[in-house]
Amino acid sequence: MTHLLDAENLVIDYVLADRRVRALDGASLTLADGETLALVGESGSGKSTLGSAAGRLLPSSAEHRSGDISVAGESLFGLSPARIRQVRRERLGFVFQDPIGALDPTMRIGRQVLLAQGRRADRATIARHLERVRLRDPDRIMRAFPHQLSGGMAQRVAIAMAMAARPRLLVADEPTAALDSQVRQDVLDTVFALAAEAGTGILLLTHDLSSVSRRCGRMAVMYGGRVVEDGPAADVMNAPRHPYTAALARSVPGNAPRGARLEAIPGRPPVLSAGSAGCAFEARCGFAIERCRTERPEATRVDGRTVLCHRAAELARDRALSQRGVTT
Ligand SMILES: Nc1ncnc2c1ncn2[C@@H]1O[C@H](COP(=O)(O)OP(=O)(O)OP(=O)(O)O)[C@@H](O)[C@H]1O
C-alpha cells in the first residue's frame with residue numbers, strides 16, 4: 001500500500017564546524033490519507049527534523065545519511081528542486097511555531113494568501129479562506145501587514161495559507177506554543193476542523209500530550225531520533241507499552257491547565273553524535289537490562305501498536321509499566 005507519508009529508517013545528522021549531531025537515528029513513521037497523528041517527545045528528540053524532512057525543508061547543515069522519506073510514493077531525496085517545490089505546493093502545507101516569522105513582513109496579508117493558493121483568485125475567494133479560519137473583517141485583514149496582527153490572528157492567517165491549496169498533508173510544528181492559553185484550543189480546533197473538511201492528513205508535532213490524545217487518531221512517541229511507540233492515541237496515552245511513553249504520560253500533570261508543557265523526566269535526553277549502540281533510553285529506564293545497552297531494539301507489535309523495546313511484550317504481560325517506570 002502506498003502511504004501518504006512514509007519515513008523508513010531515516011538517518012539525518014547536523015554537521016557543525018566542531019561536531020556532528022545525529023538528529024534522526026533510524027526514524028520510521030507512516031501516515032495514511034486523512035489520518036491525524038501526534039508526534040510527541042521531549043525537546044531534542046527529533047520531531048522537527050522529521051517534520052521538516054517531510055517537505056525536504058531541512059537546513060543546509062543537515063546531512064541525509066541513509067533511509068528514505070516519501071510523500072504519496074515519491075521519494076523526496078531524489079527529486080529535482082523544481083519537482084520538490086511542486087510537491088510542496090500541491091500536496092503539503094506547513095504551519096510553524098512562530099506565526100509572525102512565517103509571514104513576509106513587507107507584503108499585505110491578502111497578497112500572501114493569494115500566492116499561497118498557487119493560482120489566480122478574486123477578493124471574495126481570499127476573504128473566504130480567511131473566514132474559514134474564523135477571522136472576522138477579512139477585508140481589513142487582507143489590507144494589513146503581519147506586524148499589525150496579534151499572534152493568534154497571524155497563526156490563523158498562516159493556517160489559511162497552509163490550507164488554501166487543500167494539501168493532502170499538513171505538518172504543524174508546535175503551532176500553538178507561542179500563543180496565549182485561551183486561543184490555543186481555538187486555533188487547534190480550527191486546524192482540525194479545516195483538515196477534516198478537506199480530507200487533509202495532519203502530522204502534529206507537539207510537547208503537549210494533553211491536547212492531542214482527544215484530537216488525533218494516532219500518537220507516535222520519539223526518543224533519541226527514533227519513533228519508539230506508535231499506535232492509537234488513546235491507547236498509547238492511557239496504557240503505554242514503552243517505558244519512555246509511560247514516563248512521559250506520567251509527567252503530564254493531571255490537574256495542570258490545558259496546554260501546559262510537560263514536566264521534565266529525571267535525567268536528560270541524549271544528544272547523539274552517531275548511531276546509538278543500544279536503546280537510547282537505557283540510561284534513564286528503570287527496566288533496562290544488559291541487552292538494552294548493547295543491542296538496538298527493533299520494532300515489535302505489542303497490543304496493537306509498534307514498540308521499540310526489548311522488554312515490551314514481557315512488561316505488557318506483567319502490567320509493570322502501570323506500576324513504575326523511570327529511575328530517579
Ligand atoms: N540546525 C541544527 N543544527 C544543529 N543541531 C540541530 C539543529 N536542529 C536540531 N538540532 C539537534 O538535533 C536534535 C533533534 O532536534 P529537533 O529540533 O529535531 O528535535 P525536537 O524534538 O523537534 O525538539 P524541539 O521540540 O526542541 O524543537 C537535537 O539534538 C537538536 O539539538
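Side chains are part of it too, since the values below use all heavy atoms of this structure and drop only hydrogens, waters and symmetry mates. Atoms within each ligand, like the ligands themselves, are counted from 1 in listed order. Note that this is a predicted model, so its numbers are computed, not measured.
For the pair Glu229/Val236, a side-chain contact is recorded, criterion being any heavy-atom separation below 4.5 Å from C-beta on.
Formation of a donor-acceptor pair under 3.5 Å by the Gln112 side chain with backbone atoms of Asp104 is found in this model. Formation of a donor-acceptor pair under 3.5 Å by the Glu35 side chain with backbone atoms of Ala32 is found in this model. Using a distance-only test at 3.5 Å, with no hydrogens or angles considered, a donor-acceptor pair links the side chain of His64 to the main chain of Ser66.
At a 4.0 Å heavy-atom cut-off, ligand 1 touches Glu42 through the backbone alone. For Thr49, heavy-atom contacts with ligand 1 shorter than 4.0 Å involve the backbone as well as the side chain. Looking at Leu205 against ligand 1, nothing comes within 4.0 Å, counting heavy atoms.
Atoms of ligand 1 found under 4.0 Å from any heavy atom of His207 (numbered from 1 in listed order, with element): 25 (O). The atoms of ligand 1 that sit less than 4.0 Å from any heavy atom of Val21 are 11 (C), 12 (O), 29 (O).
Aromatic ring orientation, Phe96 versus Phe94: parallel (interplanar angle below 30°, classes split at 30° and 60°). A perpendicular orientation is assigned to the rings of Tyr244 and Phe281, their planes being inclined by more than 60° (bins at 30° and 60°).
Here the shortest heavy-atom distance to atom 25 (O) of ligand 1, taken over Arg19, Lys47, Gln97, belongs to Lys47.
Residue Ser45 has at least one nitrogen or oxygen atom sitting less than 3.5 Å from a nitrogen or oxygen atom of ligand 1, judged on distance alone. Checked by distance only, ligand 1 and Pro59 stay at 3.5 Å or farther apart across all their nitrogen or oxygen atoms. Checked by distance only, ligand 1 and Ala23 stay at 3.5 Å or farther apart across all their nitrogen or oxygen atoms.
For the residue pair Gln117 / His129, a side-chain donor-acceptor distance below 3.5 Å is found, with atom types taken as modelled.
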